[in-house]
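Working notes, beginning with the structure itself.
Everything quoted here is computed from the prediction, not taken from an experiment.
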Amino acid sequence: MKRVSGKTAAEWIDDYVTLEAKALLKSTNLTIQQISDELNFPSQSFFGKYFKRITGLSPKEYREKN
């Protein structure tokens, strides 16, 4: 997969999950906990750390800026 696209499978998954999280944060009134549940994260804390590692912003910060 990496040879063809330049991305690993994990990078594709991260891109998809982050894109979905961003869309939910921008376009819904779901709480961050509900978004975490919707995306099947084990906890809101884990989701927050994951999202911040990828985007550089916490879910709350991202929502406030967008």
Side-chain angles (χ1 to χ4, degrees):
M1 183 174 238
K2 184 172 183 170
R3 206 173 38 219
V4 174
S5 69
K7 292 183 181 181
T8 65
E11 289 170 326
W12 278 104
I13 292 166
D14 285 345
D15 287 350
Y16 175 79
V17 171
T18 304
L19 186 65
E20 188 68 19
K22 286 179 176 180
L24 290 169
L25 288 164
K26 280 186 192 178
S27 64
T28 70
N29 290 326
L30 294 174
T31 67
I32 293 169
Q33 177 65 57
Q34 289 169 320
I35 293 170
S36 171
D37 292 343
E38 178 77 20
L39 296 174
N40 295 312
F41 280 87
S43 69
Q44 181 178 338
S45 175
F46 188 86
F47 170 63
K49 289 175 186 170
Y50 173 86
F51 190 86
K52 187 163 188 162
R53 178 176 57 84
I54 302 291
T55 66
L57 298 169
S58 71
K60 182 180 178 187
E61 290 168 333
Y62 182 83
R63 179 173 264 172
E64 288 171 353
K65 285 189 172 193
N66 293 285

Acceptor/donor pairs from residues 14-22 side chains to any protein atom, 3.5 angstrom cut, sequence neighbours excluded:
residue	atom	partner	partner atom	Å
D14	OD1	Y50	OH	2.7
D15	OD2	K7	NZ	2.4
T18	OG1	D14	O	2.7

Over all heavy atoms of both residues, which pair between L57 and T55 is shortest? Give the atoms and the distance, please. O-OG1, 3.0 Å
Distance-only criterion, 3.5 Å: show the donor-acceptor pairs between side-chain atoms of residues 59-66 and protein atoms not counting sequence neighbours.
residue	atom	partner	partner atom	Å
E61	OE1	S58	N	2.8
E61	OE1	S58	OG	3.4
R63	NE	L25	O	3.0
R63	NH1	L30	O	2.9
R63	NH2	T28	O	3.4
R63	NH2	L30	O	2.8
N66	ND2	Y62	O	2.9

Listing request: all side chain to side chain donor-acceptor pair (under 3.5 Å) pairs with a residue in residues 36-46, at least two apart in sequence or in separate chains. Q33-D37
Could you walk me through whether L39 and L24 satisfy the side chain to side chain contact (heavy atoms under 4.5 Å, CB included) test, starting with their C-alpha distance in whole Å, then the side-chain angles of each, then the deciding distance to 0.1 Å, before giving a yes or no? CA-CA 10 Å; L39 296 174; L24 290 169; 4.3 Å; yes
Rounding to 0.5 Å, atoms CZ (F51) and CZ (F46) come to a distance of 14.5 Å
